[in-house]
Amino acid sequence: MSSITSQQADFPAWYQDVISKTELADNGPVRGTMVIRPYGYALWERIQGELDERIKAAGAQNAYFPLLIPESYLHRESEHVEGFSPELAVVTHGGGRELEEPAVVRPTSETIINAYFAKWIQSYRDLPLLINQWANVVRWELRPRLFLRTTEFLWQEGHTAHASAEEARDYAIKILQEVYEDFMVHVMAVPVITGRKTARERFPGAEESWTCEGMMRDGKALQMGTSHELGQRFSNMFGTTFQTPEGVDTHVWQTSWGVSTRLLGALIMAHGDDYGLRLPPELAPIQVVIILISPDSTIEATGMQLMQELKEAGCRVEMDSDTHTSYGRRVTNWELKGVPVRIEMGQRELDTGNVTIALRDTREKQSIPVTSTVTVVPKTLSSIQHGMLKQAQSFRDEHTYPATTLEDAAEKAIEGKGFATIPWSKVGDKGEERLAESGLTVRCLVTEDGSLPVGMDEKDLLAIIAKAY
RNA sequence: CGGGAAGUAGCGUAGCUUGGUAGCGCGCAGCGUUUGGGACGCUGAGGUCGCGGGUUCAAAUCCCGCCUUCCCGACCA
């Protein structure tokens, strides 16, 4: 197996190499489509599981809406259709004949879900209505990249209806912080900046968009998740109304929010190194791999017992007994796959009563008594988790530059390969246009202390400027 | 969709300038020897040279069109 391109030599090539060599995904036969292979899908299932738990804890329920949406639905909200029409896939034929009304393959489900919310919601007693769906969506992409931007991708999209604007806003922010930020920071070990999108970067049809922005190891920003406050735009167009306790017919206030398979791209690019993936233990489908050094029944029995004990201690463990393949090859392969802890089991371990454990994040090796493995490994996993978050945090801090003028910010973001921060009052819509000329965008707006700006006057905010995926 | 680069076995590539019927490395299969950081030997399988058309006695090679991938832009989770 040939080695992967180094990050420094060519970051995009490194990214491609990692995806193919770790067998995460392949390109599909139709441009922009992707085949997610078992290891990649295992990661997605871990992401789904963790998020689903948090989404349900936030009160939302899962449901499923159709893939095909009447084209006319999209046209009901003008900004929405303007935003999406260039990237729609439209079905014009079915059952061997031309359809009376073309159906679009959902690029997102705001419209169809609203059509049903309008039907289901009558009274303030029906609110809030909190729905989530796990689905695939299609947006015809001009420049696809595996996980980051594919024509078809998997995601969850939450859609909620509320009795007041404040409640809707609070819920959009609750999802952003308690579901997305919490998951990204504590499970993915990716520190994210939560902030508000500028008008230019907002979701088509939203009144406010809130975002989680992560920094990748090439210094570029990646939008990892968004939560939108939709106001009453969709409810006005779809006639989604409820009666208040006073008997007044009122349009609901809504939110929508989503994260996608793009998170796999974030995971790869936020933590990966020249040896391949580095998976945070909380997320890793395999947390510990036990490598049997040579074919021997005592070694195998000891390894099996260790695996059993670790499983009972709650670790996700796999045994590598493929002694036919050389030791070096196997080690390289497990490093490539990013498994956080590797335990080596061979004659030496039997003789000394110690096992060798190797940590993927720092590539350090330690020797510990076999008998303490079950207590040490879970602690090690936890310290790797914290170490990776800390490392990602330092990397981001080292690549974040305060600036005072627009030119200064642009230069620092480009030269320093990272984020530049500058008072939003120095940028504005005109400034965003100028930044775009050098390939930069305002990723989001935050308060001066970096927290989420809720209902604050824009003039006091700080803009995060960066190149973005 | 605009600008650039490239498509030859699963992957990486030679051959193309100067047309003559495809080679190498890795990987893969079988057998044997190995086994603590990408093992070795022997044997073997695997190719519509991206697709379509044209020129020619003859095309991987020359010409035209298209498709795909990567990079840079515009668009986006």
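In what follows, chains carry the letters A, B, and so on, assigned in the order in which the sequence lines appear, proteins first and then strands, with residues in each chain numbered from 1. These values consider heavy atoms only, across backbone and side chains, with no hydrogens, waters or symmetry-generated copies.
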Against Phe234(A), only a single residue in His228(A), His159(A), His80(A) fulfils ring pair (Phe, Tyr, Trp, His ring centres under 6.0 Å); can you say which? His80(A)

Candidates rG37(B), rG36(B), rU35(B) - which lies nearest the side chain of Arg348(A): rG36(B)

Just checking, any donor-acceptor pair under 3.5 angstrom between side chains of Asp52(A) and Trp134(A)? yes

Taking atom types as modelled, find out whether Glu432(A) and Thr441(A) have a side-chain donor-acceptor pair closer than 3.5 angstrom. no

Is any side-chain nitrogen or oxygen of Ser294(A) closer than 4.0 Å to OP1 or OP2 of rU35(B)? no

So does Ile131(A) get a backbone contact from the side chain of Asn62(A), meaning a donor-acceptor N/O pair under 3.5 Å? no

Does Arg329(A) place a side-chain N or O at less than 4.0 Å from the phosphate oxygens OP1/OP2 of rG27(B)? yes

rG27(B) and rA5(B), which share atom name P, separated by this distance in whole Å: 34 Å

Can you find a donor-acceptor N/O pair under 3.5 angstrom joining the side chain of Glu349(A) to the base of rG36(B)? yes

Spacing of Asp17(A) atom CG and Lys21(A) atom NZ [to the nearest 0.5 Å]: 4.5 Å

In whole Å, I'd like the distance from the CD1 atom of Ile357(A) to the C1' atom of rG37(B). 18 Å

Closest to side chain of Arg342(A), choosing from rU35(B), rG36(B), rG37(B): rG37(B)

rU13(B) to rC71(B) separation - P atoms, rounded to the nearest Å: 15 Å

With a 6.0 Å cut-off (strictly less than), is the heavy-atom count around CE of Met319(A), excluding the residue itself, greater than 12? yes

What one-letter contact string describes nucleotides 68-77 of chain B from 5' to 3', where B marks a base within less than 4.0 Å of any protein heavy atom, S marks contact via sugar-phosphate atoms alone, and - marks no contact? SSSSBBBBBB

Starting from P on rU33(B), measure out to NE2 on His324(A) and report it in whole angstrom. 10 Å

Looking at rC49(B), which nucleotide sits across from it as a Watson-Crick or G-U wobble partner, both distances under 3.5 angstrom, or is there none? none

Pair Thr323(A), Ser294(A): side-chain N/O donor-acceptor within cut-off below 3.5 Å: no

Just how far is it from atom NZ of Lys417(A) to atom CG of Asp218(A), taken to the nearest 0.5 Å? 8.0 Å

Without decimals, in angstroms, what is the distance between Ile293(A) CD1 and rG37(B) C1'? 10 Å

Taking the side chain from Arg262(A) and the backbone from Gln223(A), do they hold a donor-acceptor pair closer than 3.5 Å? yes

Taking the C1' atom in each of rA22(B) and rG15(B), what is the distance between them to the nearest angstrom? 8 Å

Interatomic distance, Leu350(A) CG vs rG36(B) C1' [rounded to whole Å]: 13 Å

For Arg363(A) and rG37(B), what is the distance between atoms CZ and C1' respectively, to the nearest whole Å? 9 Å

Taking NZ, NE, NH1 and NH2 as the nitrogens, is one of them in Glu208(A) or Lys197(A) under 4.0 Å from a carboxylate oxygen of the other? no

In Watson-Crick or G-U wobble terms, both distances under 3.5 Å, what is the partner of rC70(B)? rG4(B)

Roughly how many Å apart are rC62(B) and rG73(B), using the P atom of each and rounding to a whole number? 32 Å

Expressed as a whole number of Å, how far does the C1' atom of rU61(B) sit from that of rG19(B)? 6 Å

Member of Arg363(A), Arg278(A), Arg330(A) meeting the salt bridge (Lys or Arg N to Asp or Glu O under 4.0 Å) criterion with Glu335(A): Arg363(A)

Filtered N/O pairs between nucleotides 47-49 of chain B and protein, under 3.5 Å:
none

Tell me the partner of rU61(B), counting only Watson-Crick (N1-N3 plus N6-O4 or O6-N4) or G-U wobble (N1-O2 and O6-N3) with both under 3.5 Å; none if nothing fits. none

Mark yes or no for a side-chain to base donor-acceptor pair under 3.5 Å between Gln347(A) and rG36(B), with no hydrogen or angle criteria applied. no

Does Lys365(A) contact rG36(B) through a side-chain donor or acceptor facing the base, at a distance under 3.5 Å? no

The Watson-Crick or G-U wobble partner of rC28(B), with both key distances under 3.5 Å, is rG44(B)

Could you measure between the two C1' atoms, the one in rG2(B) and the one in rU21(B), and give it in whole Å? 40 Å

Nearest-Å distance for atom pair CG/C1', residues Asp320(A) and rU35(B): 12 Å

Same-atom distance (P) from rU43(B) to rG37(B), integer angstrom: 30 Å

Selection from rG36(B), rU35(B), rA39(B) that lies nearest to any side-chain heavy atom of Ser326(A): rA39(B)

Round to the nearest Å and state the distance from Met345(A) atom CE to rU35(B) atom C1'. 17 Å

Who is the Watson-Crick or G-U wobble partner of rU17(B), with both distances under 3.5 Å? none

If I take atom NZ in residue Lys21(A) and atom C1' in nucleotide rC26(B), what distance separates them, rounded to the nearest angstrom? 11 Å

When rounded to the nearest Å, what value does the distance between C1' atoms of rC28(B) and rU18(B) take? 37 Å

Is there a side-chain contact between Leu74(A) and Ser85(A), using heavy atoms and a 4.5 Å cut-off? no

For rA39(B), the Watson-Crick or wobble partner whose two distances fall under 3.5 Å: rU33(B)

Write down the partner of rA9(B) under the Watson-Crick or G-U wobble criteria, each distance required to be under 3.5 Å. none

